[in-house]
Chemist: 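Sending over a structure as structure tokens; questions will come in a sec.
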Amino acid sequence: MTNSEVTLSVDGRDTVFHLETDAFAAAAREFEVRGEQLEISVKMGGRVYVGPQQMRHWWAMKREGKYYGDIPY
């Protein structure tokens, strides 16, 4: 976890968070409401560090209750 600004991008709409955990919680809510085929990514410092494919993998692991070591929340 970092305390840097994190941007969650969902289908071209950006939302800024101060904590990674908040961004990933919002991502989980988006997946729950809108399904798995979102174009969703997480950016820090203006660069994507978790792209759409990784986010879908993270969501599948989270939904199944498995631990995804690179993103522990």
Chemist: Report yes if the side chains of R34 and D11 come closer than 4.5 Å at any heavy-atom pair, otherwise no.
Modeler: yes

Chemist: Does anything in residues 37-46 pair up under salt bridge (charged side-chain N to carboxylate O under 4.0 Å, His left out), and if so which pairs, sequence neighbours excluded?
Modeler: D14-K43, E39-R56

Chemist: Taking only residues two or more places apart in sequence or in another chain, which ones pass salt bridge (charged side-chain N to carboxylate O under 4.0 Å, His left out) with E32?
Modeler: none

Chemist: Does R13 have any salt bridge (charged side-chain N to carboxylate O under 4.0 Å, His left out) partners at least two apart in sequence or in another chain, and if so, which?
Modeler: E30

Chemist: Would the number of heavy atoms belonging to other residues, nucleotides or ligands and lying under 6.0 Å from CD of E64 be above 12?
Modeler: yes

Chemist: Where do M55 and S41 come nearest, in terms of heavy atoms and distance?
Modeler: CG-CA, 4.1 Å

Chemist: Which word best sums up how the rings of F31 and W58 line up, parallel for under 30°, tilted for 30 to 60°, or perpendicular for over 60°?
Modeler: tilted

Chemist: Got V6 and H18 here, is their nearest side-chain heavy-atom distance under 4.5 Å?
Modeler: no

Chemist: If hydrophobic clusters are built by linking Ile, Leu, Val, Met, Phe, Trp and Tyr wherever their side-chain heavy atoms come under 4.5 Å apart, do I40 and Y49 end up in the same one?
Modeler: yes

Chemist: To check you understand the geometry: which heavy-atom pair defines the closest contact between L8 and A26, and what is its length?
Modeler: CD2-CB, 3.7 Å

Chemist: Does the side chain to side chain contact (heavy atoms under 4.5 Å, CB included) test come out yes or no for W59 and E36, once each step is laid out?
Modeler: CA-CA 8 Å; W59 177 243; E36 296 179 17; 3.9 Å; yes

